[in-house]
Amino acid sequence: MIRTTQDDSRENEQIRIFKLQPYKGRSNKYIPDAYVNIDDNKYDLELKTRDIKKSGVSTSRDFGKEKIEQWKKNDGFVFSSYEKKKTGFVFHEHVFCTAGQLKPFFDKQEKKQQDGHAGRIGRQKYNEIIRPLLLKNEDAKKLIEKLDKTINQGTKINDPKISWKDIKKWGTILDNDRLPEHLLELLKEQNK
């Protein structure tokens, strides 16, 4: 099965070279990009790519606490660096990370949501100052649920980038001569 949206030509190539199985496309809820079965165990993977001319890897729009919790459930992440060519693209380097290795990135994004970013109020000030004031007003109580959803949506970050330098520092560079085998070894090792 081949996926057909967004940057899926690169994800499809990652799926092919790592001998993975794709999930069935996109939906309104989070679905990992691919999986692999090893010894009757299924391992979910998130696949990301970056152009070698860029310093970071794109994550997703509306990146918030919920997305972080969903990503933490993945068994691994494969980050691949590519170069654009007239005929398409060529991969140069692949790095495997676990959710635990991405913790510094997750923590940074959660802090931005708590503290506020891009001129927006964060969850902390809203929960400490504004929400308690609204709870005192009988008429405002009906609006709090909607306002909570508004704050939750407004504190999400639009496509924060993960530095390629950090990915390489935190993760393991995969052996280009044996990509599927090396990935399987790392997945088995982390789940001992």
Novice: Is the closest side-chain donor-acceptor distance between T98 and Q190 under 3.5 Å?
Specialist: no
Novice: With Y126, which residues qualify under ring-ring contact (aromatic ring centres under 6.0 Å, His included), at least two apart?
Specialist: none
Novice: Applying side-chain contact (heavy atoms from CB on, under 4.5 Å), run through T155 and K65 and close with a yes or a no.
Specialist: CA-CA 9 Å; T155 59; K65 186 175 182 167; over 6 Å; no
Novice: For K19, enumerate each residue passing the side-chain hydrogen bond (donor to acceptor under 3.5 Å, both in side chains) test, keeping only those at least two apart in sequence or located in another chain.
Specialist: none
Novice: With sequence neighbours left out, what residues match D166 under side-chain hydrogen bond (donor to acceptor under 3.5 Å, both in side chains)?
Specialist: none
Novice: Can you check whether K48's main-chain N or O pairs, donor with acceptor, with Q14's side chain at less than 3.5 Å?
Specialist: yes
Novice: Any carboxylate oxygen within less than 4.0 angstrom of a Lys/Arg side-chain nitrogen, looking at K188 and E185?
Specialist: no
Novice: Output side-chain donor-acceptor pairs under 3.5 Å for residues 52-59, partner residues at least two apart or in another chain, one line each.
Specialist:
from: S58; atom 1: OG; to: D159; atom 2: OD1; distance (Å): 2.6
from: S58; atom 1: OG; to: D159; atom 2: OD2; distance (Å): 2.7
from: T59; atom 1: OG1; to: P160; atom 2: O; distance (Å): 2.6

Novice: Which residues satisfy the ring-ring contact (aromatic ring centres under 6.0 Å, His included) test with F77, sequence neighbours excluded?
Specialist: W71
Novice: Under 3.5 Å, side chain of R50 to main-chain N/O of W164, donor-acceptor pair present?
Specialist: no
Novice: Has D33 got a side-chain atom pairing as donor or acceptor with E46's backbone, closer than 3.5 angstrom?
Specialist: no
Novice: Quick one about D62 and Q153 (side-chain donor to acceptor, distance below 3.5 Å, no hydrogens or angles considered), yes or no?
Specialist: yes
Novice: May I ask you to decide whether E11 forms a salt bridge with R16, counting only side-chain N to carboxylate O separations under 4.0 Å?
Specialist: no
Novice: Does either side chain, that of N152 or that of E66, offer a donor lying less than 3.5 Å from an acceptor on the other one?
Specialist: yes
Novice: Just verifying a value: how many Å separate K111 NZ and R123 CZ, rounded to the nearest 0.5 Å?
Specialist: 14.5 Å
Novice: Distance from I15 atom CD1 to Q21 atom CD, nearest 0.5 Å?
Specialist: 8.5 Å
Novice: Step through it carefully: locate the ring centre of F18, locate the ring centre of H94, and say whether they are under 6.0 Å apart.
Specialist: yes
Novice: Within a radius of less than 6.0 Å around CD of E145, do more than 12 heavy atoms belonging to other residues, nucleotides or ligands occur?
Specialist: no
Novice: Does H92 have any side-chain hydrogen bond (donor to acceptor under 3.5 Å, both in side chains) partners at least two apart in sequence or in another chain, and if so, which?
Specialist: E83
Novice: Are Y43 and Y35 near enough that their ring centres are under 6.0 Å apart?
Specialist: no
